[in-house]
Amino acid sequence: MLYRTMFSRDLFAEMDRLHQDLAQALDWSPSIRGIGRGYPALNVGGTVHSVEIYAFAPGLDPASIEAQIDKGVLTLSGERKAEPLPEKATRHIDERHSGRFRRVVSLPDDIDPNAVTARYRDGVLHLSIRRRDSAQPRRIDIH
């Protein structure tokens, strides 16, 4: 019974919330080899030929998202407008991000910043960054 009085029912949820607050305060960002949290949520991975980045940002106008690569660092930024409440309404839970956002991802050295495609569809921004031809594996013929 002592356990119940010392800790809240959802201790892990509270720890997760504190971790998110700390990460946001310190502006932690994931690298291609790490995991982070923020808005928009990111999936980062790669193939032999490219680095694939998925940013989950439903309801955004694609024109309001800025993507930039500079010195091997991808920066995604923009703003989500807050949803207005009807007159005299009270908000009890607000889990949807609003306001300015910025995510930064360190990219590997072998990417070609001039070979990027970006597509926003069904709330998901997909960036595909091709790796340089010199980084591609080659078969060496032995005679």
Side-chain angles (χ1 to χ4, degrees), residues 3-142:
Y3 174 79
R4 285 187 181 178
T5 60
M6 288 180 60
F7 299 106
S8 67
R9 281 187 181 207
D10 202 351
L11 178 64
F12 294 110
E14 182 65 16
M15 290 174 60
D16 187 50
R17 187 193 63 76
L18 288 171
H19 178 261
Q20 288 177 7
D21 290 348
L22 181 62
Q24 185 177 12
L26 297 176
D27 193 28
W28 287 343
S29 298
S31 73
I32 196 165
R33 292 169 188 86
I35 296 175
R37 293 185 181 173
Y39 180 84
L42 299 177
N43 284 355
V44 181
T47 68
V48 173
H49 302 289
S50 65
V51 172
E52 305 294 325
I53 299 169
Y54 296 87
F56 301 92
L60 280 181
D61 177 6
S64 71
I65 304 171
E66 183 177 325
Q68 177 180 339
I69 295 178
D70 185 30
K71 298 179 184 171
V73 175
L74 170 70
T75 303
L76 297 174
S77 60
E79 184 173 5
R80 176 191 291 278
K81 302 290 184 194
E83 298 289 326
L85 285 177
E87 188 177 325
K88 297 184 180 182
T90 302
R91 191 176 310 237
H92 297 284
I93 298 174
D94 187 6
E95 295 182 345
R96 187 170 185 177
H97 173 82
S98 63
R100 298 213 39 85
F101 63 87
R102 182 172 180 260
R103 295 299 303 267
V104 178
V105 179
S106 298
L107 299 170
D109 295 334
D110 63 353
I111 59 115
D112 183 353
N114 298 314
V116 180
T117 59
R119 180 181 310 166
Y120 182 85
R121 183 173 163 186
D122 297 331
V124 179
L125 173 63
H126 175 212
L127 294 124
S128 181
I129 309 167
R130 208 175 75 183
R131 296 183 190 267
R132 296 181 196 275
D133 290 335
S134 60
Q136 302 303 317
R138 287 172 285 200
R139 179 175 168 80
I140 301 171
D141 292 328
I142 301 173

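Positions are given from 1, in the same order as the sequence printed here.
- Looking only at side-chain heavy atoms (C-beta outward), Leu42 and Leu76 come within less than 4.5 Å of each other.
- Counting heavy atoms of neighbouring residues, nucleotides and ligands inside a 6.0 Å radius, atom CG of Asp61 exceeds 12 of them.
- The closest side-chain heavy-atom distance from Asp70 to Thr75 is not below 4.5 Å.
- Side chain of Arg132 to backbone of Ile111: a donor-acceptor contact under 3.5 angstrom is found.
- Proximity of Pro113 to Lys71: side-chain heavy atoms (C-beta onward) are nowhere separated by under 4.5 Å.
- When side chains are defined from C-beta on, Pro40 does not count as touching Leu125, because their heavy atoms never get closer than 4.5 Å.
- Shortest non-hydrogen contact noted between Ser128 and Glu52 is OG-OE2, 2.8 Å.
- The CG atom of Leu74 lies 6.0 Å from the CG atom of Leu127; values are rounded to the nearest 0.5 Å.
- The nearest pair of heavy atoms linking Tyr39 to Phe101 is O-CB, 3.6 Å.
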Using the rule given for side-chain contact (heavy atoms from CB on, under 4.5 Å), can you reason through Val48 versus Arg131, listing the C-alpha separation, both sets of side-chain angles and the distance that settles it, and then say yes or no? CA-CA 8 Å; Val48 173; Arg131 296 183 190 267; over 6 Å; no
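- Remark: Arg119 pairs with no residue by the salt bridge (charged side-chain N to carboxylate O under 4.0 Å, His left out) rule, at least two apart or across chains.
- Residues Pro108 and Val51 come closest through the heavy atom pair CG-CG2, 3.8 Å.
- The two atoms that bring Ala82 and Ser98 nearest to each other are CA-CB, 3.7 Å, heavy atoms only.
- The closest donor-acceptor contact from the side chain of Tyr120 to the backbone of Ala57 lies under 3.5 Å.
- With Thr47 contributing its side chain and His49 its backbone, the two residues share a donor-acceptor pair below 3.5 Å.
- Heavy-atom minimum distance, Ile69 versus Ile129: CD1-CD1, 3.8 Å.
- A distance of 6.0 Å separates OG of Ser77 from CZ of Arg100, quoted to the nearest 0.5 Å.
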